[in-house]
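Worksheet: the structure to be examined is printed underneath.
First listed ligand is number 1; within each ligand, the first listed atom is number 1.
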Amino acid sequence: MSRKIGFIGLGIMGKPMAINLIEAGHTLTIYDINSKPVKALVALGAYQGMSSKDVAEKSEIIITMLPNSLHVKQVILGENGVLEGLSSGKIIIDMSSIAPLVSQEICSKVAEKGVVMLDAPVSGGEPKAIDGTLSIMVGGCEKAFEHVKDILLKMGRSVVRVGDIGSGNITKLANQIIVAINISAMSEAMVLATKAGVNPERVFEAIRGGLAGSTVLDAKMPKILERNFEPGFRIELHIKDLMNALNTAHEIGVSVPISSQVFEMMKALRADGKVLDDHCGIIKFYESMAKTEVNKCTQNDA
Ligand code: NAD
């Protein structure tokens, strides 16, 4: 069944996700402050919204895919925002990774207009956004979830409702802690092996099938070996996620010692001008301390 869907935020993730919805036969009205992805999607059959308010007026379901809490607040609650174009019965799905408390705050504001909001952040990165195989973790009202599940399944392979509003983003914080620490562990190990004179490409091949193997290792080691730090997922966004994780941990009195250390490494990379690199660029922190580089043509390949 074709649905009228609004899509706001057409960046690395939002653009391919919106394309999958167009290809599934839905009618999309789109908006982004950057005109480039808007033009590309209009060429594929989407309608250009004039503002977030305009998108909300023309759609029954409004999806947002924006960088952080402030952007989502501005787009939904700000001037000419989604809230101004809403009427009772519409559903907002915020798929951005933001602070869980902000999801709850926005949800209660839009509820005053009879609108339900779900928080539905994703994991998987650009390749899975393109393939429509993201993992989507959803918080919010079960009835609304069932109503939009078919749409989410056009963007993701795994779509799981984890609880009430905000719990999608709590789950995403857990995900981001695991990914950040995984990349750091991989970086620490590969710099050690390289500095010790072993070819990191061989190390990768040798360990990827064992217990040290992981989705992170398989996705990120080839990029590192090629010295390709094009994002993917920018360090700046991961700093944002760990900041949200640390704030949440402080609020509920949980210790997150390893996350704090990775957060500090990412801050050092930011100070060093590397914030726009893919998050596998964490390895550069270790490389600069060890004065070595992990790449395809590293020594001792005989
Ligand atoms: P991005 O910066 O590439 O895209 C964000 C888009 O939002 C941009 O096109 C920008 O122009 C638009 N935007 C910003 N402010 C706006 C406004 N006021 N009105 C309309 N449009 C506005 O970011 P991304 O990588 O696509 O990530 C989006 C979200 O998904 C983030 O919360 C991120 O943490 C999360 N995420 C990203 C990845 C990844 O691999 N990139 C993976 C999983 C989750």
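Note on Ile239 and Ile177: same hydrophobic cluster, where clusters join Ile, Leu, Val, Met, Phe, Trp and Tyr whose side-chain heavy atoms are under 4.5 Å apart, directly or indirectly.
Only the side chain of Lys172 comes within contact range of ligand 1, with a heavy atom under 4.0 Å; no backbone atom does. With a 4.0 Å heavy-atom cut-off, ligand 1 is reached by the side chain of Val75 but not by its N, CA, C or O. Within the 4.0 Å heavy-atom criterion, both parts of Asp32, backbone and side chain, lie near ligand 1. Proximity of Asn68 to ligand 1, defined as any heavy-atom pair under 4.0 Å, is not found for any part of the residue.
Going from atom OG1 of Thr29 over to atom CD1 of Ile5 covers 10.0 Å, rounded to the nearest 0.5 Å. A distance of 9.5 Å separates CG of Asn34 from NZ of Lys15, quoted to the nearest 0.5 Å.
Using bins of under 30°, 30° to 60° and over 60° for the plane-to-plane angle, the ring pair His238/His279 lands in the tilted bin.
In terms of protein heavy atoms, atom 36 (N) of ligand 1 is closest to Phe233 CE1, 3.8 Å. In terms of protein heavy atoms, atom 15 (N) of ligand 1 is closest to Ile33 CD1, 3.6 Å. The protein heavy atom nearest to atom 4 (O) of ligand 1 is Gly11 CA, 3.2 Å. For atom 32 (O) of ligand 1, the nearest non-hydrogen atom of the protein is Pro67 O, 2.8 Å. Counting protein heavy atoms only, atom 30 (O) of ligand 1 is closest to Met65 CE, 3.1 Å. With respect to atom 23 (O) of ligand 1, the closest heavy atom belonging to the protein is Leu237 CD1, 4.1 Å. For atom 41 (N) of ligand 1, the nearest protein heavy atom (residue, atom name, distance) is Gly232 O, 3.3 Å. Among all non-hydrogen protein atoms, the one lying nearest atom 3 (O) of ligand 1 is Ile12 N, 2.9 Å.
In terms of polar-atom proximity, defined here as any N/O pair under 3.5 Å, Val122 makes no such contact with ligand 1. Any N or O atom pair closer than 3.5 Å counts here, and Lys240 shares at least one such pair with ligand 1. The distance criterion of under 3.5 Å between nitrogen or oxygen atoms is met by Ser97 with respect to ligand 1. Checked by distance only, ligand 1 and Met13 come closer than 3.5 Å through their nitrogen or oxygen atoms. The shortest N or O to N or O distance between Gly9 and ligand 1 is not under 3.5 Å. Backbone and side-chain nitrogen or oxygen atoms of Ile8 are examined, and none is located within less than 3.5 angstrom of a nitrogen or oxygen of ligand 1.
Judged by a 6.0 Å distance limit and a 45° cone about the ring axis, Lys284 is positioned over the six-membered ring of Phe229.
Distance alone, capped at 3.5 Å, places no donor-acceptor pair between the Glu188 side chain and the Tyr286 backbone. Distance alone, capped at 3.5 Å, places no donor-acceptor pair between the His250 side chain and the Asn247 backbone. At distances below 3.5 Å, not a single donor-acceptor pair connects side-chain atoms of Glu84 with backbone N or O atoms of Glu79. Side-chain atoms of Lys240 come within 3.5 Å of backbone atoms of Pro67 as a donor-acceptor pair (strictly under, hydrogens ignored).
Applying the salt bridge (Lys or Arg N to Asp or Glu O under 4.0 Å) test to every pair with at least one member in residues 88-110, sequence neighbours left out, gives these pairs: Lys73-Glu105.
Salt bridge absent: Arg157 and Asp131 never bring a charged side-chain N and a carboxylate O closer than 4.0 Å. We find that Lys172 and Asp241 are not joined by a salt bridge, their nearest charged nitrogen and carboxylate oxygen being 4.0 Å or further apart. A salt bridge links Lys267 with Glu264: the distance from a Lys NZ or Arg NE/NH1/NH2 to an Asp or Glu carboxylate oxygen falls below 4.0 Å.
Within the structure, the closest approach of Met95 to ligand 1 does not fall below 4.0 Å when heavy atoms are considered. Distances shorter than 4.0 angstrom occur between a heavy atom of Arg234 and an atom of ligand 1.
Close approach of ligand 1 to Gly125 is summarised as follows: ligand atoms under 4.0 Å from at least one heavy atom of the residue are 40 (O), 42 (C). Each of the atoms 9 (O) of ligand 1 lies under 4.0 Å from some heavy atom of Leu10.
More than 12 heavy atoms of other residues, nucleotides or ligands sit less than 6.0 Å from atom CG of Leu44.
Checking Ile98, Leu70, Leu66 against atom 22 (C) of ligand 1, the nearest heavy atom belongs to Leu66.
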